[in-house]
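All remarks here apply to the structure that follows.
Letters A, B, ... mirror the listed sequences (proteins, then strands); counts begin at 1.
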Amino acid sequence: MKIAFLGTPEFALPSLDMLFQSGHELGVFTQPDRPVGRHAVLTPPPTKVYAMEHGIPVFQFEKIRLPEGLEALKSFAPDLMVTAAFGQILSAENLTVPKCGCINVHGSLLPKYRGAAPIQWAVINGETETGITTMMTDFGMDTGDILMVERVTIGENETAGDLFERLSVLGAETLKRTIAALEAGTLVRTPQNELQATKCPMLKKEHGRIDFNKTARDIHNLVRGTNPWPGAYALLDGEPLKIHATRMSESDLGSAQLGSLKGDAKTGLFVLCQDGWLEITELQASGSKRMSAKDFVKGHPPDSKILA
RNA sequence: CGCGGGGUAGAGCAGUUGGUAGCUCGUCGGGCUCAUAACCCGGAGGUCGUUGGUUCAAGUCCAUCCCCCGCAA
C-alpha cells in the first residue's frame, strides 16, 4: 500500500520501521526542524532522520491542515494514512485524502487518556496497567473507533521513558496486525464508550513541581511519570533540584517539617512527604551533573535542609 | 554573541582580604567485635580544566581557549 506516515518523535520510529520493512510505499510527514538545546541547534525530528537514511520522501509543515500541507498530502495520494505521535491536529479535509482512512497508534487504553501525554499521565496517576490502542482517526481528539488493543502492566519503578520504549515497540506490532486485518477486510471497528472517556493535557514544566503535601506514593509516581521529561523538581535554598529517581521506603526517620531532608552517604537520602519518608536515589542540583543521592550527600550534608 | 552556575585526590564538595591544599565517602593497612553499612588508629592518593600574564609568592587576581550543567526558547 501507499502510506502517508505522520509521526515525529522516537515513539513513532518502530512503527515507521515496521512499515518500511513490510515493503509499503511510504511518505513521511513530520514537524519542521526545531531548535534544540542550549545552543538552539536546528534539529530534524527522528522520523525525518530515519526517512532520509532509508530514501523515504519527507514533507514538513508547521500545520498540515493549512492549504500547503493539504495539497502536498493530496498530491502524494496515499491509500492509507497512519499517525503516531504526530503532534499536529488534522483537519476533516486531511482525513478525506486517503481512501482507506487514517489509523492512529495511541499509547493508552482508549477511551482513557485521550490526548497528548497518555503514557506519562498513566504513570503519574499510578495506573498499574496501560497499553496500545489502534483506532480510526476522526475529527475529534482520539475519539475514533477502536480497532485493536494490547495491554501491558506498569512496573512498580517503571518510568514514563521505560514505558515509551516498550509501548513504541508494541505499537508497531499492533499497527502491523491492524493493517493486516485491514488488507484482509476483517477489521472490526468498535465505537468508544464516551462515558468512560478521560482526557490528559500536554505535559508542562510546572507539572513536575513536587508538592510534599502529597503522599510518598503520589510523589514517587510523579517522579516516574515525568522522567525523562519534563522531570520532577523541588526547590532547595531557592534553587531547583531535579529529582530523577525515588524508591518507596519503609524507613521511619521521625517527624519533621514536610520536605525535610535526612540521610547520609551510607544509608541514602530521604525526604519527608505527607505520609512518610521517600528515598531519593538520583538527583541533580542546578548547575551540576546528574548523580546518585549518595554522591550528592557527600558534598551536601542534609543537616536540616528543607525542600519546598 | 539570550541569562546564569561550575571544572580542586577514585566520588561529592570547601578553600575567607594572594602566603605549606582541606572535609565527607571510598580505598589500603592495623585494632575492637559473635558480627556489621558500626566504632578506634594509621597510610596512600592532587602538575587545583588549558595557555599566557601580574607578583617575592597564584587554587585564589587578569586574559584566552576547551569542557560540563541549570534557566529561557
According to salt bridge (charged side-chain N to carboxylate O under 4.0 Å, His left out), who are the partners of A/Asp295, at least two apart in sequence or on a separate chain?
A/Lys298
So does [Y] get a backbone contact from the side chain of [X], meaning a donor-acceptor N/O pair under 3.5 Å?
X: A/Glu165; Y: A/Val169; answer: no
X: A/His207; Y: A/Pro230; answer: no
X: A/Thr8; Y: A/Phe86; answer: yes

Identify the residue among A/Thr83, A/Leu73, A/Val97 that makes a side chain to side chain contact (heavy atoms under 4.5 Å, CB included) with A/Leu90.
A/Thr83
Measuring only the [atom1] atom in each nucleotide, how far is [N] from [M]? A whole number of Å is fine.
N: B/C25; M: B/C40; atom1: P; result: 10 Å
N: B/U60; M: B/G19; atom1: C1'; result: 11 Å
N: B/G42; M: B/C32; atom1: C1'; result: 15 Å
N: B/A44; M: B/A58; atom1: C1'; result: 27 Å
N: B/C41; M: B/G26; atom1: P; result: 15 Å
N: B/G15; M: B/C61; atom1: P; result: 12 Å
N: B/C34; M: B/G45; atom1: C1'; result: 35 Å
N: B/G10; M: B/G52; atom1: C1'; result: 31 Å

Could you let me know what [N] is paired to, Watson-Crick or G-U wobble, both distances under 3.5 Å, or none if it's on its own?
N: B/U33; value: none
N: B/U54; value: none
N: B/G59; value: none
N: B/G2; value: B/C71
N: B/G10; value: B/C25

Rounding to a whole Å, what distance do you find between [X]:[atom1] and [N]:[atom2]?
X: A/Leu235; N: B/C71; atom1: CG; atom2: P; answer: 12 Å
X: A/Leu241; N: B/C71; atom1: CG; atom2: C1'; answer: 15 Å
X: A/Tyr233; N: B/C71; atom1: OH; atom2: C1'; answer: 11 Å
X: A/Lys266; N: B/U27; atom1: NZ; atom2: C1'; answer: 13 Å
X: A/Phe270; N: B/A37; atom1: CZ; atom2: P; answer: 18 Å
X: A/Trp229; N: B/A73; atom1: CH2; atom2: C1'; answer: 12 Å

Please classify the nucleic acid contact of A/Glu239 as base, sugar-phosphate, or nothing, using heavy-atom distances under 4.0 Å.
nothing
How would you label the contact of A/Lys242 with the nucleic acid (heavy atoms, under 4.0 Å): base, sugar-phosphate, or nothing?
sugar-phosphate
Would you tell me if any nitrogen or oxygen in the side chain of A/Gln284 comes within less than 4.0 Å of OP1 or OP2 on B/G70?
yes
Charged N to carboxylate O below 4.0 Å: is that the case for A/Glu158 and A/Arg166?
yes
Does the side-chain contact (heavy atoms from CB on, under 4.5 Å) test come out yes or no for A/Trp121 and A/Thr198, once each step is laid out?
CA-CA 11 Å; A/Trp121 283 109; A/Thr198 61; over 6 Å; no
How would nucleotides 10-16 of chain B be written as a contact map, 5' to 3', with B for base contact, S for sugar-phosphate-only contact and - for no contact, using protein heavy atoms under 4.0 Å?
-BBS---
Of the options A/Lys294, A/Lys242, A/Arg224, A/Arg290, which is the one that meets A/Glu282 in a salt bridge (charged side-chain N to carboxylate O under 4.0 Å, His left out)?
A/Arg290
